[in-house]
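Side chains are part of it too, since the values below use all heavy atoms of this structure and drop only hydrogens, waters and symmetry mates.
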Amino acid sequence: QVQLVESGGGLVQPGGSLRLSCAASGFTLDDYAIGWFRQAPGKEREGVSCISSSDGSTTYADSVKGRFTISRDRDTVYLQMNSLKPEDTAVYYCAADEVATIESPPYLWAYWGQGTQVTVSS
């Protein structure tokens with residue numbers, strides 16, 4: 001069955017870096033768009049970055065442009081996060097869908113991982 005497993009979260013100081021991984025199984029990763037989302041306490045889940053299935057093009061939320069980089073390698077999608085800020089603190093999820101984009105609301109994404117906690121604090 002389709003499975004997405006995130007890893008790489010943790011506690012980091014402001015200005016630090018983390019690399020999140022989303023390992024996919026049960027489907028061909030290249031056939032799906034993969035999105036990274038995050039949800040902070042008391043806030044709605046928001047799209048952070050997306051890599052398309054068609055041409056591998058990438059998109060980013062304005063809040064992370066220039067700091068985060070999404071990439072794909074075989075069955076894993078990565079989110080490299082640099083210059084982290086306290087406001088980046090959230091649970092980060094990866095999601096997969098055949099047609100969704102970063103503008104698509106979370107409920108339109110077909111498959112989700114369990115999430116990984118990222119805490120940016122001194």
Please report, to 0.1 Å, the donor-acceptor pairs under 3.5 Å made by any side chain of residues 115-122, with sequence neighbours excluded.
{"residue": "Thr116", "atom": "OG1", "partner": "Gly9", "partner atom": "N", "Å": "3.2"}
{"residue": "Gln117", "atom": "NE2", "partner": "Ala90", "partner atom": "O", "Å": "3.4"}
{"residue": "Gln117", "atom": "NE2", "partner": "Thr119", "partner atom": "OG1", "Å": "3.3"}

Seminar exercise, completed: Smallest heavy-atom separation, Thr59 atom then Ser49 atom, equals O-OG, 3.0 Å
For this session: Treat each ILVMFWY residue as a node, draw an edge where side-chain heavy atoms are under 4.5 Å apart, and state whether Tyr78 and Met81 are in one component.
Result: no
Problem set entry | Pairwise side-chain contact, Tyr93 with Leu4, heavy-atom cut-off 4.5 Å (strictly under) | no
For this session: Could you grab the distance from atom SG of Cys22 to atom CD1 of Ile51, nearest 0.5 Å is fine?
Result: 11.5 Å
Problem set entry | In one Ile/Leu/Val/Met/Phe/Trp/Tyr side-chain cluster, 4.5 Å: Val48, Leu84 | yes
List the atom pairs, with distances to 0.1 Å, where a side-chain N or O of residues 10-21 and a protein N or O form a donor-acceptor pair under 3.5 Å, not counting sequence neighbours.
{"residue": "Ser17", "atom": "OG", "partner": "Asn82", "partner atom": "OD1", "Å": "2.9"}

Kindly list each side-chain donor-acceptor pair under 3.5 angstrom involving residues 98-113, sequence neighbours excluded, with atom names and distances?
{"residue": "Thr101", "atom": "OG1", "partner": "Glu103", "partner atom": "N", "Å": "3.3"}
{"residue": "Thr101", "atom": "OG1", "partner": "Glu103", "partner atom": "OE1", "Å": "3.0"}
{"residue": "Ser104", "atom": "OG", "partner": "Thr101", "partner atom": "N", "Å": "2.9"}
{"residue": "Ser104", "atom": "OG", "partner": "Thr101", "partner atom": "O", "Å": "3.3"}
{"residue": "Trp112", "atom": "NE1", "partner": "Trp109", "partner atom": "O", "Å": "3.3"}

For this session: Kindly write out the residues that satisfy salt bridge (Lys or Arg N to Asp or Glu O under 4.0 Å) with Asp75, not counting sequence neighbours, or none if the list is empty.
Result: none
Could you go through residues 33-43 and list every donor-acceptor pair under 3.5 Å that involves a side-chain atom there, pairing it with any protein atom two or more places apart or in another chain?
{"residue": "Arg38", "atom": "NE", "partner": "Glu46", "partner atom": "OE2", "Å": "2.7"}
{"residue": "Arg38", "atom": "NH1", "partner": "Asp88", "partner atom": "OD1", "Å": "2.9"}
{"residue": "Arg38", "atom": "NH1", "partner": "Tyr92", "partner atom": "OH", "Å": "2.9"}
{"residue": "Arg38", "atom": "NH2", "partner": "Glu46", "partner atom": "OE2", "Å": "3.3"}
{"residue": "Arg38", "atom": "NH2", "partner": "Ser63", "partner atom": "OG", "Å": "3.4"}
{"residue": "Gln39", "atom": "OE1", "partner": "Arg45", "partner atom": "NE", "Å": "3.2"}
{"residue": "Gln39", "atom": "OE1", "partner": "Arg45", "partner atom": "NH2", "Å": "3.2"}
{"residue": "Gln39", "atom": "NE2", "partner": "Lys43", "partner atom": "O", "Å": "3.1"}

Exercise. So, Glu6 side chain and Cys94 main chain: donor-acceptor pair closer than 3.5 Å or not?
Worked result: yes
For this session: Answer yes or no: does atom CD of Glu87 have more than 12 heavy-atom neighbours from other residues, nucleotides or ligands under 6.0 Å?
Result: yes
Exercise. Is the shortest heavy-atom distance from the side chain of Val5 to the side chain of Gln114 under 4.5 Å?
Worked result: yes
Exercise. Under the side-chain contact (heavy atoms from CB on, under 4.5 Å) test, which residues partner Asp31, sequence neighbours left out?
Worked result: Thr28
Exercise. Is there side-chain contact between Leu29 and Val77, with at least one heavy-atom pair below 4.5 Å?
Worked result: yes
